[in-house]
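I have placed the structure first, in the form of structure tokens, so that the comments after it can refer back to it.
One-based numbering, in listed order, for ligands and for the atoms of each. This one's a predicted model, so the numbers in the text were calculated from it and none came from an experiment.
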Amino acid sequence: MKISASLMCADLLNLEASIRQLEKTDIEMYHIDIMDGHFVPNLSLNFDTLTAIQKIATKPLDVHLMVTNPQDYISKLAALNVDYIVFHLETCNNPIRLLNEIRALGIKGGIALNPKTDPLALQYLLDYVDLIVIMTVEPGFAGQKFIPSQLSKISAVKNMCQNRDILIEVDGNITLENARNCYNLGADIGVLGTSVLFKADADYIAATTKFRNYVTNIISI
Ligand code: DX5
Ligand code: ZN
């Protein structure tokens, strides 16, 4: 399973040290949560933090927009050279248009689904999307509990995406156990936040190695 490290969960007083340590691991991406206090009742990272992150981060940036008007953020994110822009299906009346705009900028386009959203809503978007994010908690806050009903959504989306070049990411309370279940059902990427990676005094190399070994059944606990 690929790892996208959720930087809103890092110790923000020591963000530089965290990123420098993460750079030494083999994680695949950084997950950047952007909120507007409207679509979700919280705020997180912003364009200025992203600019600072870009100065030292060399791995791809996977931006998760939890905002009511995602179209307003695209050009600024493009200027910051992000790799993925994911917006919520619940926020957009013309998702094909927005995905096309994102792809036209050379950025991969993604759709996130809230727990309430039926995966069938994705069916007509499959030709236009590179990444599907299945929220396994209600978006907006770290440290919540995994919603088990979302497991069947992973299988449904995996089925829908057969023979297509679309990645499936799971976001929210991705523990070792939850990650293994999600991976077995077809999830490609796990967003690692407070549940497994960002703990006090964590050794990121040890934590990510243990994560991969557990998810692929090399070790049990
Ligand atoms: C939700 C956020 C969180 C976070 C994951 O909007 O995207 O899911 O990064 O961290 P934990 O492990 O605390 O759920
Ligand atoms: Zn997220």
Side-chain angles (χ1 to χ4, degrees), residues 1-12 15 18-19 22 27-46 49-50 53 57 59-68 70 73 77 82-92 108-117 129-151 153-154 157 167-183 187-200 202 204 207-208 210-212 214-215:
M1 187 181 230
K2 293 189 169 71
I3 295 174
S4 193
S6 179
L7 292 186
M8 76 170 249
C9 298
D11 173 0
L12 296 180
L15 187 56
S18 282
I19 294 172
L22 286 164
I27 65 159
E28 282 80 7
M29 301 200 276
Y30 295 111
H31 186 83
I32 309 290
D33 285 309
I34 295 186
M35 309 183 192
D36 64 355
H38 187 260
F39 177 64
V40 292
N42 198 6
L43 300 168
S44 49
L45 307 176
N46 59 32
T49 24
L50 197 44
I53 290 166
K59 297 173 190 282
L61 300 179
D62 152 33
V63 176
H64 177 195
L65 292 175
M66 285 165 273
V67 301
T68 302
Y73 294 68
L77 290 172
V82 305
D83 298 271
Y84 288 86
I85 299 178
V86 177
F87 61 91
H88 272 260
L89 190 54
E90 300 83 11
T91 63
C92 190
K108 293 196 172 13
I111 296 275
L113 294 187
N114 272 345
K116 70 163 188 178
T117 303
V129 70
D130 301 296
L131 174 68
I132 293 171
V133 178
I134 298 175
M135 294 306 303
T136 45
V137 298
E138 292 281 15
F141 296 92
Q144 303 179 79
K145 242 180 126 28
F146 190 89
I147 302 170
S149 58
Q150 300 309 300
L151 288 170
K153 194 182 280 182
I154 299 170
V157 173
L167 292 169
I168 300 175
E169 179 175 285
V170 283
D171 185 6
N173 193 206
I174 301 304
T175 59
L176 297 181
E177 200 61 46
N178 291 335
R180 184 193 267 178
N181 293 335
C182 293
Y183 179 73
D188 305 292
I189 308 169
V191 175
L192 298 198
T194 62
S195 303
V196 98
L197 191 57
F198 295 103
K199 302 200 174 273
Y204 298 147
T208 51
K210 182 175 170 187
F211 177 84
R212 292 196 204 270
Y214 187 83
V215 169

For Y183, look at atom OH and say whether over 12 heavy atoms of other residues, nucleotides or ligands are found less than 6.0 Å away. no

Is there a donor in the side chain of H31 and an acceptor in the side chain of D33, or the other way round, less than 3.5 Å apart? yes

The protein heavy atom nearest to atom 10 (O) of ligand 1 is G193 CA, 3.4 Å

Atoms of ligand 1 close to C9 [distance to a heavy atom under 4.0 angstrom, numbered from 1]: 4 (C), 9 (O), 10 (O)

Whether K153 side chain and I134 backbone form a donor-acceptor pair below 3.5 Å: no

Is there side-chain contact between C9 and T194, with heavy atoms separated by less than 4.5 Å? yes

Where ligand 1 meets A142 - atom numbers and elements under 4.0 angstrom, heavy-atom basis: 13 (O)

Students should be able to answer this: which protein heavy-atom is nearest to atom 14 (O) of ligand 1, and at what distance? N173 N, 2.8 Å

Listed partners of D36 passing salt bridge (charged side-chain N to carboxylate O under 4.0 Å, His left out), at least two apart: none

Student check: side-chain heavy atoms of I189 and L131 closer than 4.5 Å: yes

N42 side chain to G140 backbone, donor-acceptor under 3.5 Å: yes

If you count the atoms of ligand 1 from 1 in the order shown, which ones are under 4.0 Å from a heavy atom of P139? 6 (O)

With heavy atoms and a 4.0 Å threshold, my read on which part of S6 contacts ligand 1 is side chain

Under 2.8 Å from the Zn ion (ligand 2), the protein N, O or S atoms, given as residue and atom: H31 NE2, D33 OD1, H64 ND1, D171 OD2

Any sub-3.5 Å donor-acceptor pair from D171's side-chain atoms to M135's backbone N or O? no

Mind checking whether D33 contacts ligand 1 via backbone (N, CA, C, O), side chain (CB onward), both or neither, at a 4.0 Å heavy-atom cut-off? side chain

Is there a donor-acceptor pair closer than 3.5 Å between any side-chain N or O of D130 and the backbone N or O of G109? yes

Which ligand 1 atoms are under 4.0 Å away from a heavy-atom of M66? 6 (O)

What is the closest protein heavy atom to atom 8 (O) of ligand 1, and at what distance does it sit? D171 OD1, 2.9 Å

Can you classify the ring geometry of F198 versus Y204 as parallel (below 30°), tilted (30 to 60°) or perpendicular (above 60°)? perpendicular

For atom 13 (O) of ligand 1, closest protein heavy-atom neighbour: T194 OG1, 2.4 Å

Neighbour count above 12 (heavy atom, 6.0 Å) for K59 NZ: yes

Looking at atom 12 (O) of ligand 1, what's its closest protein heavy atom, distance included? S195 OG, 2.7 Å

Just so I know, are the side chains of E28 and D62 near enough to count as touching, which here means a heavy-atom distance under 4.5 Å? no

G143 heavy atoms, cut-off 4.0 Å: which ligand 1 atoms fall inside? 11 (P), 13 (O), 14 (O)

Are a donor atom and an acceptor atom from the side chains of T117 and N114 found within less than 3.5 Å of each other? no

Element-labelled atoms of ligand 1 that are located less than 4.0 Å from some non-hydrogen atom of G172: 8 (O), 14 (O)

For atom 6 (O) of ligand 1, which protein heavy atom lies nearest, and how many Å away is it? G140 N, 3.0 Å

